[in-house]
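Okay, so here's the structure we're looking at.
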Amino acid sequence: MPGENILGIIITGHGMFASGLLQAVVQVIGKHPGCLAIDFPDGMTTEQLQQALSIARTASDTGKGGVFLTDLLGGSPFRQAALLALAHPQWQVITGTNMQLVVEMMMARGDADAAEFRDRALECGHRGLTSLWHQQQLQSVLPDIDGI
């Protein structure tokens with residue numbers, strides 16, 4: 001990504017989580033530069049995953065750093081991303097990634113650094129986890145909002 005000064009984003013997770021999630025995000029909001037998916041399919045070793053994440057980190061880093069978006073806290077993708085983030089402090093790791101978080105954060109990435117992105121992503125994740133019942137309660141208080 002020569003000439004661009006945006007955060008790199010690497011989605012990773014078990015099975016085909018990462019590529020499937022990125023494909024769905026692209027369907028909704030289109031392609032965004034600096035975003036890569038690294039899957040951890042059955043049969044891949046953690047060493048192979050570490051190498052793939054390391055190559056992706058180097059490829060997506062414009063000097064501004066970036067964020068690893070992982071599926072499960074404590075899983076191999078999270079642990080391997082954490083090792084890289086500890087070695088490269090301009091990188092952050094977020095876990096519990098879902099499509100709403102990725103869509104919102106890709107669109108709001110702007111000029112945020114990795115720490116700002118991390119904090120905004122956690123706020124987004126908390127806001128995005130809800131239920132039909134809760135949304136119906138909001139509708140009774142704020143009937144003019146779009147949605148359900």
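Owing to the predicted nature of the structure, the values given are computational and were not obtained by experimental measurement.
Proximity of a side-chain donor or acceptor of R79 to a complementary backbone N or O of G74 within less than 3.5 Å is detected. S54 contributes no side-chain N or O that, together with a main-chain N or O of Q50, makes up a donor-acceptor pair within less than 3.5 Å. No side-chain donor-acceptor contact under 3.5 Å links S60 to the backbone of G8. T97 contributes a side-chain N or O that, together with a main-chain N or O of T70, makes up a donor-acceptor pair within less than 3.5 Å.
Both V28 and L101 belong to a common hydrophobic cluster when Ile, Leu, Val, Met, Phe, Trp and Tyr are linked at side-chain heavy-atom distances under 4.5 angstrom. Residues V103 and L129 are members of separate hydrophobic clusters, defined by side-chain heavy-atom contacts under 4.5 angstrom among Ile, Leu, Val, Met, Phe, Trp and Tyr. Note on L21: it clusters hydrophobically with I29, by side-chain heavy-atom contacts below 4.5 Å among ILVMFWY residues. Linking ILVMFWY side-chain heavy atoms closer than 4.5 Å, directly or via other members, places I10 and M44 in a single hydrophobic cluster. Both I11 and M99 belong to a single network of hydrophobic side chains, linked directly or stepwise wherever heavy atoms of I, L, V, M, F, W or Y lie under 4.5 Å apart.
What you find for T12 and I38 is that their closest heavy atoms are OG1-O, 2.8 Å. When all heavy atoms of A85 and V93 are compared, the closest pair comes out as CB-CG2, 3.6 Å. The heavy-atom pair separating C124 from Q100 by the smallest distance is SG-O, 4.3 Å. In this structure, L36 and A56 approach most closely via the heavy-atom pair CD1-O, 3.7 Å. Taking both residues in full, the closest heavy atoms of A81 and L53 are given as N-CD1, 3.9 Å, listed atom of the first, atom of the second, then distance. The minimum heavy-atom distance between A114 and G66, with the atom names listed, is CB-O, 3.6 Å.
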In sequence, state the C-alpha distance, the side-chain angles, and the governing distance for Q92 and F117, and then conclude on side-chain contact (heavy atoms from CB on, under 4.5 Å). CA-CA 9 Å; Q92 296 287 324; F117 184 100; over 6 Å; no

Please walk me through it: do H14 and L72 pass side-chain contact (heavy atoms from CB on, under 4.5 Å)? CA-CA 8 Å; H14 293 84; L72 296 172; 4.1 Å; yes

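Put simply, the side chain of D71 does not reach to within 4.5 Å of the side chain of T95, judged on heavy atoms. Contact check for W91 versus R57: side-chain heavy atoms found under the 4.5 Å cut-off. Using a 4.5 Å heavy-atom cutoff, the side chains of L138 and H134 are not in contact. Q137 is not listed as a side-chain neighbour of S131, based on a closest heavy-atom distance of 4.5 Å or more. Using a 4.5 Å heavy-atom threshold, the side chains of L49 and D39 count as separate. F68 has its side chain within reach of L84: a pair of non-hydrogen atoms, C-beta onward, lies under 4.5 Å apart. When side chains are defined from C-beta on, P33 counts as touching I6, because their heavy atoms get closer than 4.5 Å. You'll find the side chain of Q80 reaches within 4.5 Å of the side chain of T46, heavy atoms only.
Note: M16 CE to D42 CG = 11.5 Å, rounded to the nearest 0.5 Å.
For E116, the CD atom counts as densely surrounded, since its 6.0 Å shell holds more than 12 non-hydrogen atoms of other residues, nucleotides or ligands. At most 12 heavy atoms of other shown residues, nucleotides or ligands fall within 6.0 angstrom of atom CD in Q23.
Among D61, L7, D113, the one residue that satisfies the side chain to side chain contact (heavy atoms under 4.5 Å, CB included) test with Q90 is D61.
Between R127 and E104 there is a salt bridge, since a side-chain N of the basic residue sits under 4.0 Å from a carboxylate O of the acidic one.
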